[in-house]
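Worksheet: the structure to be examined is printed underneath.
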Amino acid sequence: MENCVFCKIMAGEIPSARVYEDGEIVIFRDIEPKAKIHLLCVPREHFALLSEADDARAALLGRTLQKIGALAPQLGLADGYRLIINQGENAGQSVHHLHIHILGGQTLEWE
Ligand code: DGP
């Protein structure tokens with residue numbers, strides 16, 4: 001997708017600190033970390049919102065969650081982590097390519 005920063009990162013047009021990639025997803029470090037470990041897990045397919053998830057995308061998202069669970073120890077997240085999807089204006093979504101924030105590496109506040 002033209003002018004999508006995450007598509008550009010995945011195409012290698014913008015540098016990023018990648019920690020994992022396969023045919024379906026890329027995981028790289030967030031440029032504005034909100035925790036000691038702050039990763040972004042991004043499906044290679046461009047779509048912006050959960051409401052755009054058809055059955056194939058729902059299956060992709062299920063596999064993605066399963067992969068995050070399996071990868072957590074090697075990502076330094078064995079002691080736990082938090083997953084966040086910012087969806088739409090009220091959540092402050094700034095990049096309109098669906099992505100999962102992975103936060104960890106420390107105790108996370110929950111108020
Ligand atoms: P969101 O608010 O959920 O749309 O979060 C988008 C995140 O993407 C935000 O935490 C900062 C991050 N981000 C934006 N541009 C870049 C970039 O060029 N490189 C990296 N690594 N992260 C970026």
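Everything numeric in this text was worked out from a predicted model, so none of it was measured. Any value given below was found using the heavy atoms of this structure, including those in side chains, with hydrogens, waters and symmetry copies removed. For ligands, and for the atoms within them, numbers begin at 1 and follow the listed sequence.
Classified by interplanar angle (parallel below 30°, tilted 30° to 60°, perpendicular above 60°), the ring pair His101/His38 is tilted.
Counting non-hydrogen atoms of neighbouring residues, nucleotides and ligands closer than 6.0 angstrom, the CG atom of Asp54 exceeds 12 such neighbours.
Of the possible polar contacts, one joining the Gln106 side chain to the Lys36 backbone as a donor-acceptor pair under 3.5 Å is found. Formation of a donor-acceptor pair under 3.5 Å by the Arg29 side chain with backbone atoms of Leu40 is not found in this model. The main-chain N or O of Ala48 is found under 3.5 Å from a side-chain atom of Glu52 such that the two form a donor-acceptor pair.
Residues lining ligand 1 at a heavy-atom distance below 4.0 Å are given as Val5, Phe6, Ile9, Phe28, Arg29, Asp30, Ile31, Leu40, Asn86, Gly92, Gln93, Ser94, Val95, His99, His101, ordered by chain and residue number.
Partner of Glu24 under the salt bridge (Lys or Arg N to Asp or Glu O under 4.0 Å) criterion, chosen from Arg57, Arg63, Arg44: Arg63.
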